[in-house]
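Mind having a look at this structure? Questions to follow.
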Amino acid sequence: MSFLARERTIATPGYSRWLIPPAALCVHLCIGQAYAFSVFNLPMTKLLGITHSAPDDWKLTQLGWIFSIAIFFLGVSSAVFGRWVEEGGPRRAMFTAALCWAGGFLISAFGIYIHNLWVIYLGYGVLGGIALGIGYISPVSTLIKWFPDRPGMATGMAIMGFGGGAFIAAPLSNILINKFSTATHIGVQETFIVLGVVYFFFMIVGSIIVRVPAPGWKPEGYVAPAAAQKLITRNDVFVYDALKTPQFWLIWAVLCINVTAGIGVLGQASAMSQEMFPGRVTATTAAGFVGLVSLFNMAGRFFWASTSDYIGRRNTYFIFMVLGVILYAVVPSTGAAGNLPGFVVCFLVLITMYGGGFATVPAYLRDMFGTRYVGAIHGLLLTAWSMAGIFGPVIVNYMRQYVLDHGTPKPHAYDTSMYIMSGLLVIGFFCNLMIRAVDSRFHMKESDTRGIDPALVAAGAKA
């Protein structure tokens with residue numbers, strides 16, 4: 001399918017770079033549905049019993065693995081296919097992600113039809129997780145190449161979509177479930193089919209719009225720095241050589257710690273608010289709080305990534321770590337004092353930094369390793385997300401249960417977890433502090449042709 005080839009996506013003169021963020025959002029807003037998958041959990045526990053869970057219905061503990069498997073394969077696929085995405089171009093990657101994402105929903109719908117949870121694990125978990133990984137990284141390096149003057153803002157705009165996809169998906173899913181449900185049937189199967197078709201359409205639109213800049217293209221009026229700045233290189237590092245540098249693993253640790261701290265509390269925001277403020281926070285109020293958390297998660301991605309263009313990526317992460325240490329340590333005292341507004345403010349700021357960490361890290365990698373393989377390197381780095389997806393919930397959930405088993409009152413069940421998160425961010429601070437410019441021995445030479453497609457060079461010359 002030559003239409004998907006990278007050389008077919010080289011922009012012609014006059015193409016507006018401002019079409020690239022909408023193309024990226026077409027993908028990220030769709031795959032961002034993953035954050036809203038929990039809306040299906042309760043309905044899927046009553047597929048047979050309809051009004052209540054029947055003996056053969058699935059349990060919440062079983063359904064919880066669907067999301068976990070998807071996030072695991074997000075990290076794995078972004079690492080495995082990162083170089084393939086980088087060298088094949090964004091259109092091929094977005095098209096593949098669309099097929100996998102829609103296919104994951106359709107396979108899962110079939111799994112519901114035959115009531116086989118393993119088919120759903122395969123559909124949404126494995127195939128959908130692969131779509132998440134490929135779709136997440138597909139526009140990153142393209143955006144950075146189109147916006148060398150504002151790389152943080154550019155990636156922030158796209159990755160903001162992943163954080164905000166749940167705002168569309170959650171109400172839409174509920175509307176569809178209610179529409180297709182009857183007195184003898186819960187309409188999850190039909191909802192999966194509709195979502196698969198709708199998401200496929202919008203992701204294909206994104207793949208059609210997207211372009212890569214012609215070799216040597218620069219924004220009008222943009223002048224690249226004459227020399228490399230302290231932590232911003234003008235050289236490129238080959239994707240697998242990046243793994244040999246301490247900078248990659250230090251940034252990996254910084255991202256893993258930042259995500260561990262955020263994702264652990266993100267998944268427990270509703271329960272935590274109700275247990276820390278019993279009688280004051282109802283289930284309905286907690287649901288509103290979760291919606292507010294999602295909004296700040298989305299906004300933080302754009303705000304902090306854009307801010308990093310002015311203050312630098314390293315300084316941005318210093319803010320995450322220092323402010324995070326303080327706020328996580330303060331959260332228990334807000335609960336003890338019954339200070340609900342203080343608790344909400346602390347959490348909303350923390351969640352902006354959780355989202356901001358995701359959106360800022362592609363530009364951080366670009367500063368360290370150059371633009372040629374930043375997408376592939378980003379894919380390898382996202383294994384930190386996979387690990388954090390395990391560490392964060394385990395720390396919060398198991399520590400909560402441990403202190404409850406030892407007689408701690410529920411309003412204080414999360415105190416120890418918050419102090420642990422604060423301590424982790426101290427470690428993250430020192431990891432960030434140790435980051436220096438990549439040694440020149442890792443830089444690619446002008447004669448290095450690894451990953452360069454001769455057909456692309458020829459197409460670029462014609463463009």
Side-chain angles (χ1 to χ4, degrees), residues 75-76 78-83 85-86 133 137 140-141 144 151-152 155 225 227-262 304-305 308-309 311-322 324-325 353-354 356-392 421 423-446 448 450-451:
V76 171
S78 63
V80 171
F81 294 106
R83 184 178 174 184
V85 169
E86 188 70 45
I137 66 174
V140 169
S141 66
I144 287 175
T155 55
Q229 300 176 34
K230 185 176 181 181
L231 285 177
I232 303 179
T233 185
R234 295 190 64 196
N235 301 98
D236 295 309
V237 177
F238 187 61
V239 53
Y240 299 124
D241 287 343
L243 295 176
K244 303 174 185 177
T245 67
Q247 286 82 359
F248 176 88
W249 295 106
L250 287 170
I251 296 175
W252 190 99
V254 168
L255 180 66
C256 185
I257 289 170
N258 191 62
V259 175
T260 295
W304 287 113
S308 75
D309 284 330
I311 67 174
R313 326 305 167 192
R314 191 164 175 251
N315 290 335
T316 302
Y317 272 96
F318 276 138
I319 294 175
F320 293 166
M321 301 302 161
V322 173
V325 167
M353 296 188 294
Y354 164 77
F358 282 119
T360 304
V361 81
Y364 207 165
L365 294 174
R366 174 259 196 187
D367 293 350
M368 291 287 108
F369 304 109
T371 60
R372 184 184 294 185
Y373 279 100
V374 67
I377 297 170
H378 183 221
L380 292 170
L381 192 84
L382 288 183
T383 54
W385 188 358
S386 295
M387 300 309 297
I390 298 172
F391 296 150
M421 297 305 180
L424 285 175
L425 291 176
V426 173
I427 299 174
F429 175 89
F430 285 103
C431 289
N432 195 48
L433 184 65
M434 290 188 287
I435 294 175
R436 298 290 186 271
V438 174
D439 192 282
S440 60
R441 73 179 187 274
F442 295 106
H443 293 162
M444 296 181 72
K445 306 298 187 290
E446 290 186 7
D448 194 335
R450 286 178 292 180

Using modelled atom types only, decide if a donor and an acceptor are shared between the side chain of S78 and the backbone of G133 within a distance under 3.5 Å.
no
How many angstroms lie between CZ in R441 and NZ in K244, if you round to the nearest 0.5 Å?
10.0 Å
Contact summary for G392 and M421, nearest pair of heavy atoms
O-CE, 4.1 Å
Identify the two heavy atoms, one from G356 and one from W304, that lie closest to each other, and give their separation to 0.1 Å.
CA-CB, 3.9 Å
With R366, the side-chain contact (heavy atoms from CB on, under 4.5 Å) member among V361, V374, V140, T233:
V374
Taking R372 for the side chain and V237 for the main chain, is one N or O donor matched with an acceptor at less than 3.5 Å?
no
Who passes salt bridge (Lys or Arg N to Asp or Glu O under 4.0 Å) against R313, sequence neighbours left out?
D309, D367
Do L425 and I257 pass the side chain to side chain contact (heavy atoms under 4.5 Å, CB included) test, and can you show the C-alpha distance, the side-chain angles, and the key distance before you say yes or no?
CA-CA 6 Å; L425 291 176; I257 289 170; 3.8 Å; yes
So, using side-chain contact (heavy atoms from CB on, under 4.5 Å) as the criterion, who are the partners of V426 when residues are at least two apart?
V325, F430
State which residues pass side-chain contact (heavy atoms from CB on, under 4.5 Å) with T383; sequence neighbours excluded, sorted by chain then number.
A79, W252
Pairs meeting criterion salt bridge (charged side-chain N to carboxylate O under 4.0 Å, His left out) with involvement of residues 375-392, two or more places apart
none
Nearest 0.5 Å, please: how far is CZ in R314 from CD1 in I232?
12.5 Å
What is the minimum heavy-atom distance between M353 and G324, and which atoms define it?
CE-N, 3.9 Å
Nearest 0.5 Å, what's the CG-CZ distance between L382 and F358?
8.0 Å
Can you see which heavy atom on S386 is nearest to which on G75, and at what distance?
OG-CA, 3.0 Å
What's the spacing between M321 CE and N258 CG if we round to 0.5 Å?
4.5 Å
Set of side-chain contact (heavy atoms from CB on, under 4.5 Å) partners for A253, sequence neighbours left out
C431
What pair of heavy atoms forms the shortest contact from W385 to V259, and how long is it?
CD1-CG1, 4.0 Å
Would you say the side chain of F391 lies within less than 4.5 Å of the side chain of L424, judging by non-hydrogen atoms?
no
Can you tell me how far the OG1 atom of T260 sits from the CG atom of L255, to the nearest 0.5 Å?
8.5 Å
Find out whether F369 and F442 are in side-chain contact, i.e. whether some heavy atom of one side chain is under 4.5 Å from a heavy atom of the other.
no
For T155 and G152, indicate whether the former's side chain and the latter's backbone hold a donor-acceptor pair under 3.5 Å.
yes
Listed by chain and number, what are the side-chain contact (heavy atoms from CB on, under 4.5 Å) partners of Y240, not counting sequence neighbours?
R83, F238, L243
Could you walk me through whether V438 and F248 pass side chain to side chain contact (heavy atoms under 4.5 Å, CB included), step by step?
CA-CA 9 Å; V438 174; F248 176 88; over 6 Å; no
Ignoring hydrogens, what is the shortest heavy-atom contact between I137 and G82? Give both atom names and the distance.
CD1-CA, 3.8 Å
Hey, is the main chain of Y373 close enough, under 3.5 Å, to the side chain of D236 for a donor-acceptor pair?
no
Heavy-atom side-chain contact between T316 and I311 under 4.5 Å
yes
Kindly compute the distance separating CE (M368) from CD1 (I435), expressed to the nearest 0.5 Å.
7.0 Å
